Amino acid sequence: MGGAKNIEEILPFYYKWYNQKRQKKKIKMKIIFHDQKKRKIPYSEIKNLPKKYSSPMAINIYRNNVAIIMWRKENPFAILIKNEEIAAAYKNHFEIMWKLAKINK
């Protein structure tokens with residue numbers, strides 16, 4: 001959920017490497033942006049929430065992990081939580097947001 005519009009500028013090498021690796025393994029993602037223009041990202045379903053809910057922070061949920069990332073040009077940082085119950089709670093929250101979000105057009 002969320003994220004930086006300019007992630008390619010903040011972490012250009014990592015972003016390119018990660019995306020190539022993910023696509024090669026055909027790992028699918030569900031992404032909720034905040035009122036962004038239409039974007040095509042391979043192996044992804046994308047929805048949008050209104051701009052008033054936008055934030056430079058992103059929340060990535062995978063397996064039993066939750067990564068809370070503050071994307072900023074200067075000193076981006078992340079908090080990684082490895083906990084099954086917390087990951088499940090964040091997944092539930094994501095599913096609610098997914099139902100409220102609009103399809104990326």
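In this text, all values refer to a predicted model and were calculated from it rather than measured experimentally.
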Please output the side-chain donor-acceptor pairs of residues 81-89 that fall under 3.5 Å, not counting sequence neighbours, one pair per line with the distance.
from, atom 1, to, atom 2, distance (Å)
Asn83, OD1, Glu85, N, 3.0
Asn83, OD1, Ile86, N, 2.9

- Which atom pair, heavy atoms only, marks the closest approach of Ile32 to Ala101? CG2-CB, 4.4 Å
- Would Tyr43 and Ile61 show up in the same hydrophobic cluster when neighbours are defined by side-chain heavy atoms closer than 4.5 Å? no
- Approximate separation, where rounding is to 0.5 Å, of Lys30 NZ and Met97 CE: 14.0 Å
- Task: Decide whether Phe13 and Trp17 are clustered together by the hydrophobic rule: side chain heavy atoms of Ile, Leu, Val, Met, Phe, Trp, Tyr closer than 4.5 Å, transitively.
- Result: no
- When every non-hydrogen atom of Tyr18 is compared with those of Met29, the smallest separation belongs to OH-SD, 4.1 Å
- What is the minimum heavy-atom distance between Trp71 and Ala58, and which atoms define it? NE1-CB, 3.5 Å
- Note on the structure: By side chain to side chain contact (heavy atoms under 4.5 Å, CB included), Ser54 pairs with (sequence neighbours left out) His34
- Query: So among Gln23, Lys28, Lys26, which one has a side-chain contact (heavy atoms from CB on, under 4.5 Å) with Pro42?
  - Reply: Gln23
- Query: Do Leu100 and Ile96 come close enough that some side-chain heavy atom pair is under 4.5 Å?
  - Reply: yes
- Item | Which residues share a side chain to side chain contact (heavy atoms under 4.5 Å, CB included) with Lys25, sequence neighbours left out | Lys21, Ile27
- Task: Spell out, as yes or no, whether a donor-acceptor pair under 3.5 Å connects the side chain of Lys91 to the backbone of Arg63.
- Result: yes
- Task: Report yes or no: do Met70 and Ile59 belong to one cluster of Ile/Leu/Val/Met/Phe/Trp/Tyr joined by side chain heavy-atom distances under 4.5 Å?
- Result: yes
- Message: Tell me every residue that passes side chain to side chain contact (heavy atoms under 4.5 Å, CB included) with Lys24, counting only those two or more places apart in sequence or in another chain.
- Response: none
- Item | Nearest-0.5 Å distance that lies between atom NZ in Lys47 and atom CD1 in Ile31 | 13.0 Å
- Message: Taking the side chain as everything from C-beta on, heavy atoms only, tell me whether Ile41 gets closer than 4.5 Å to Arg22.
- Response: yes
- ring-ring contact (aromatic ring centres under 6.0 Å, His included) partners of residues 72-95, not counting sequence neighbours, each pair once: Phe94-Trp98
